[in-house]
Number of protein chains: 2
Amino acid sequence: MKNQLKLLRTQRNWTQADLAGQLDVSRQTINAIEKDKYDPSLPLAFKIAKLFQLPIEEIFDDSQSM
Amino acid sequence: MKNQLKLLRTQRNWTQADLAGQLDVSRQTINAIEKDKYDPSLPLAFKIAKLFQLPIEEIFDDSQSM
DNA sequence: CTTTAATGTCAAATAAGCTTTACTTTTAAA
DNA sequence: TTTAAAAGTAAAGCTTATTTGACATTAAAG
C-alpha cells in the first residue's frame, strides 16, 4: 500500500523522529511505513489522518494491494 | 474502535459468512470486528470501505481509541 | 574534508490481526 | 416445537505490526 507520509512530513520540515514523537510510535515505525515495509494499524492510520487533517484515503492508497 | 459493519451488512441482508466471502476473510474475522474484539488491518479496512462505497471514516470511528 | 543530524536497515522480542477447527447459543421459519 | 441457519466463542497456530537497540549510510553545513 502506497502512502504520502514522506511528502506530508517533509512539506512540514519534520524529521521522522519528529513525526514519530507526535504519533507516539518509534522512529523505525515511521521509516518502515514510508519505505513501504508494512502498513500501519487502522488506529495509527486514523491518528496520522487526524494529525495531517486529511481523509485516510488521501494519505494511503490501496489500489494495488490484496 | 467502533464500527458500522453490522448495520451496513444487515441493511443488505448479508450474513457474516456472505460478507466474509466477499472480503476473502474468515467468518470469525467479521464476527470479531463486529463484536469489537479487534480492529481490521488497514488493507482490510480499505477493502470494506470499497465494498460499501463509503469513506473509512464513515465506517470506523476512532474517537476513543489510542 | 569532517562532523553531526537524519535516514536506512537488521535482529530479536512482543503484541495484534487473522485462520482453522470445533463447539455452543440464538434466531427464525417450517 | 423441532430443525437448520446464523451468530457467538475459544484455542492453537501463523503472519504482520511495532518496539528496542544497535549500527551503517546519506546529507548537509561548518
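Chain letters run A, B, ... following the sequence lines, proteins first, then strands; residues in each count from 1. Side chains are part of it too, since the values below use all heavy atoms of this structure and drop only hydrogens, waters and symmetry mates.
Atom CD1 of A:Ile30 is separated from atom P of D:dA17 by 14 Å (rounded to the nearest Å). Distance, A:Gln16 CD to C:dG8 C1': 8 Å, rounded to whole Å. Across the protein-nucleic acid pair, A:Ile33 atom CD1 and D:dA17 atom C1' stand 9 Å apart, rounded to whole Å. Taking atom CG of A:Leu19 as the reference point, atom C1' of C:dA5 lies 17 Å away to the nearest angstrom. Whole-Å rounding puts the A:Asn31 CG to C:dA6 C1' distance at 10 Å. Between the CG atom of A:Leu42 and the P atom of D:dA17 there is a distance of 12 Å, given to the nearest Å. Rounded to an integer number of Å, the gap from NZ of B:Lys47 to P of C:dC18 is 11 Å. B:Asn3 places its CG atom 15 Å from the C1' atom of C:dG17, with the value rounded to the nearest Å.
For A:Lys35, taking side-chain heavy atoms from C-beta onward, the closest of the listed nucleotides C:dG17, C:dC18, C:dT9 is C:dT9. Distances were taken from every side-chain heavy atom of A:Asp39 (C-beta onward) to each of D:dA17, D:dT9, C:dT19; the shortest belongs to D:dA17. Taking every side-chain heavy atom of B:Val25 into account, C:dC18 is the closest of D:dC23, C:dC18, C:dA6. Of the candidates C:dC18, D:dA22, D:dA7, the closest approach to any side-chain atom of B:Arg9 belongs to D:dA7. With D:dT19, C:dT7, D:dA7 as the candidates, the nucleotide lying closest to the side chain of A:Ser26 is D:dT19. Closest to the side chain of A:Ser41, from the set D:dT19, D:dT18, C:dT21, is D:dT18.
Put simply, the side chain of A:Glu34 and the base of C:dG8 share no donor and acceptor less than 3.5 Å apart. Taking only distance into account, the side chain of B:Gln28 meets the base of C:dT21 through a donor-acceptor pair shorter than 3.5 Å. Contact of A:Arg27 with D:dG21 (side chain to base): no donor-acceptor pair of N or O atoms is detected under 3.5 Å.
Under the side chain to side chain donor-acceptor pair (under 3.5 Å) rule, A:Glu34 has a single partner from A:Gln4, A:Lys6, A:Arg9, which is A:Arg9. When each of B:Thr29, B:Ile56, B:Ile33 is tested with B:Pro40 by the rule side-chain contact (heavy atoms from CB on, under 4.5 Å), just one qualifies, namely B:Ile33.
Across all strands shown, B:Asp24 has heavy atoms under 4.0 Å from sugar-phosphate atoms exclusively, and none from any base. Using a 4.0 Å heavy-atom distance criterion, B:Thr29 is classed as a base contact.
A 4.5 Å side-chain heavy-atom check between A:Phe52 and A:Leu5 finds at least one atom pair inside the cut-off. Proximity of A:Asn3 to A:Asp61: side-chain heavy atoms (C-beta onward) are nowhere separated by under 4.5 Å. Between A:Leu8 and A:Trp14, the closest side-chain pair of non-hydrogen atoms is not below 4.5 Å.
Nearest-nucleotide positions on DNA chain C place A:Trp14 closer to the 5' end than the other of B:Tyr38 and A:Trp14.
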